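See below for the structure under consideration.
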Number of protein chains: 2
Amino acid sequence: MRPTDTPKVRALPMFASVSDDTSNRVTGTAYLQRFPANTTLLLEGDPVDFLYVLLEGQVELQGTWKDKETTLTILRPVSTFILAAVVLDADALMSARTLERCEILMISGDAIRQNMAEDAAFAVAISRELSGCYRGLVRTIKNQKLRGGVERLANYLLTLRAKSGGGENIHLPHEKRVLAALLGMTPENLSRAFATLGGYGVEVNGADVRLGKLRDLERLARPDPLIDNYAPRAPLLAEADAEIWSTEHQRAGAA
Amino acid sequence: MRPTDTPKVRALPMFASVSDDTSNRVTGTAYLQRFPANTTLLLEGDPVDFLYVLLEGQVELQGTWKDKETTLTILRPVSTFILAAVVLDADALMSARTLERCEILMISGDAIRQNMAEDAAFAVAISRELSGCYRGLVRTIKNQKLRGGVERLANYLLTLRAKSGGGENIHLPHEKRVLAALLGMTPENLSRAFATLGGYGVEVNGADVRLGKLRDLERLARPDPLIDNYAPRAPLLAEADAEIWSTEHQRAGAA
DNA sequence: CGCGTGAGTTGACTAAAATCAAGAGACGCA
DNA sequence: TGCGTCTCTTGATTTTAGTCAACTCACGCG
């Protein structure tokens with residue numbers, strides 16, 4: 001498996017404003033891999049040899065300490081991950097695990113670093129990608145520390161709505177236990193949070209959710225552009241704001 | 001005030017492996033500014049025109065939502081901040097405020113971006129700096145979500161000890177209320193946490209702390225290289241690991 | 001010297017989230 | 001069809017952190 005030029009890869013903001021030359025040199029070293037669900041791609045503390053690009057499926061990034069575990073983010077296509085470790089040629093600070101069957105492009109870390117050194121445009125593209133990731137984490141921390149569980153859920157639902165077109169019906173993209181982890185709470189508490197939001201017009205039916213009283217929900221959630229990334233989903237080549245594109249921001253409330 | 005070439009600036013990893021040429025072009029646009037304590041340098045949501053480099057003093061980065069406030073990090077010299085916003089030419093996601101009298105170098109964002117585009121080595125240096133910041137945030141989140149208040153304090157004390165040479169006596173570099181904010185708890189709870197650590201040989205006397213039973217404290221704290229950054233303090237030009245140097249990591253347990 | 005201010009501590013109380021336990025429903029598979 | 005597994009939910013309980021209030025102490029200042 002060795003695609004030099006998937007359209008999806010070319011569409012990556014990482015390569016958008018980079019010469020074909022560099023682009024080819026970098027992707028030339030890449031391997032496309034398929035992984036089954038629930039596979040650990042990378043373990044905390046491991047040295048990182050590849051930059052990963054998620055093309056299909058879902059990947060969870062998690063951290064561990066003393067048999068406790070926390071979800072840092074859940075990625076959806078198209079996203080890169082562990083870029084920072086690649087740039088520094090350092091060990092991974094978090095583990096990566098597939099949540100479903102995934103299609104992942106693996107790009108040699110050496111190639112990344114070398115081409116950055118030789119092509120300023122590419123290095124700039126990487127910087128922009130990294131900056132977006134950084135800002136995604138800042139949003140995550142603010143979301144986590146400033147809001148309570150119910151508020152996080154409310155905002156998650158609102159940004160999910162925004163990203164999926166704005167109707168009053170939305171569809172949860174994850175199992176509820178995964179959503180709970182993403183929102184930094186237990187499945188039990190997520191259940192209760194949904195129950196609480198019932199009072200604000202939120203009706204849940206499996207993975208389908210109707211936001212009845214949008215106004216009420218918004219008054220509770222108080223969405224904030226400095227926490228929630230309301231970027232529309234994938235208007236290919238949004239150009240102006242790399243952040244829209246970058247790694248950690250596809251998911252809703254927590255990024 | 002317009003120093004083209006402070007030694008401190010030259011010592012920045014950001015410029016370490018960059019040509020004098022680029023280095024001069026970038027710092028040529030810089031202004032050295034002094035600020036009194038408790039001054040807001042930058043407000044959440046503001047457009048960012050400068051990269052800030054803290055040369056003297058302490059700066060707190062904080063986030064706000066609905067009249068709640070959280071401290072994201074406290075910077076000590078030498079550190080850059082809001083680099084990500086500069087790279088993307090985007091609005092700040094967090095506010096910056098001086099905790100004491102500060103000496104800060106302000107570098108034009110335009111100059112940064114332009115020189116990145118023209119000098120690959122500089123762009124790489126920025127990428128490494130950003131990567132370090134990113135990883136610092138990952139550590140912060142793991143510290144926050146995986147550990148309880150007492151554990152965070154215990155680890156903070158241990159990494160502070162490591163950074164200040166390893167004796168059994170350490171000196172807290174912040175007021176306790178600031179430390180509390182940094183560790184993500186209230187001053188009241190910090191007090192109680194110190195009281196709890198009394199059982200582990202921790203004796204507090206104002207800002208002076210003695211770690212009596214190091215072994216016990218370590219068994220409680222379970223420090224982890226994937227959360228706590230035990231980098232020694234400032235062996236100028238550590239080279240190998242840019243992370244040691246970069247922005248958010250000077251502080252102990254939370255980064 | 002006396003006083004006001006603010007940091008730090010301590011205790012009682014409240015709020016929020018995790019944990020424990022049990023049960024309902026969906027799904028895959030023999 | 002029946003069984004086991006797993007998700008999700010609900011309730012009771014515990015743990016943890018935040019809030020409110022009072023008090024001490026050190027410091028600066030008139």
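Values reported hereafter were calculated over all heavy atoms of this structure, with side chains retained and with hydrogens, waters and symmetry mates removed. A quick note: this is a predicted structure, and the numbers were derived from the prediction, not measured. By convention in this document, chain letters (A, B, ...) are assigned in the order of the sequence lines, proteins followed by strands, and residues within each chain are numbered from 1.
- By the 30° and 60° cut-offs, the orientation of the rings of B/Phe81 relative to B/Tyr52 is parallel.
- Side chain of A/Glu188, nearest nucleotide from D/dT10, C/dA18, D/dT19: D/dT10.
- Between the CD atom of B/Gln144 and the P atom of D/dA17 there is a distance of 10 Å, given to the nearest Å.
- Going from atom CG of B/Leu183 over to atom P of D/dT16 covers 17 Å, rounded to whole Å.
- A sub-4.0 Å separation between OP1 or OP2 of C/dT9 and a side-chain N or O of B/Lys176 is present.
- No N or O donor and acceptor, one from the side chain of B/Arg192 and one from the base of C/dG8, sit under 3.5 Å apart.
- Out of D/dT7, C/dA7, D/dA21, the shortest distance to the side chain of A/Arg177 is found at D/dT7.
- Side-chain N/O atoms of B/Asn189 include one lying less than 4.0 angstrom from OP1 or OP2 on D/dG18.
- Side-chain N or O atoms of B/Arg152 include one that pairs as donor or acceptor with a backbone N or O of B/Leu183 at under 3.5 Å.
- C/dA16 atom P lies 16 Å from atom CZ of A/Arg147, rounded to whole Å.
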Verdict with reasoning, A/Glu44 to B/Lys142, per salt bridge (Lys or Arg N to Asp or Glu O under 4.0 Å): CA-CA 12 Å; A/Glu44 244 179 303; B/Lys142 288 171 70 174; 2.5 Å; yes

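- Going from atom NZ of B/Lys145 over to atom P of D/dA17 covers 15 Å, rounded to whole Å.
- A cation-pi contact, defined as under 6.0 Å to the ring centre and within 45° of the axis, links B/Arg147 to A/Trp65.
- Taking five base pairs at each end of the helix from C/dC1-D/dG30 to C/dA30-D/dT1, the local helix axes there meet at an angle of 30°, rounded to 10°.
- A straight line from CG of A/Asn205 to C1' of C/dG25 spans 13 Å, rounded to a whole angstrom.
- What separates CE of B/Met185 from P of C/dG8 is a distance of 14 Å, to the nearest Å.
- Annotation for A/Asp208 and A/His171: closest pair OD1-ND1, 2.7 Å, computed over non-hydrogen atoms.
- Atom C1' of nucleotide C/dT9 and atom CG of B/Leu179 are separated by 15 Å, given to the nearest angstrom.
- For D/dT10, the OP1/OP2 oxygens have no side-chain nitrogen or oxygen of A/Ser191 closer than 4.0 Å.
- With rounding to whole Å, A/Lys68 atom NZ is found 14 Å from D/dT15 atom P.
- B/Arg135 and A/Ala85 make their closest contact through NH1-CB, 3.6 Å (heavy atoms, listed as atom of the first residue, atom of the second, distance).
- A/Asn143 CG to A/Asp224 CG: the interatomic distance, rounded to the nearest 0.5 Å, is 10.0 Å.
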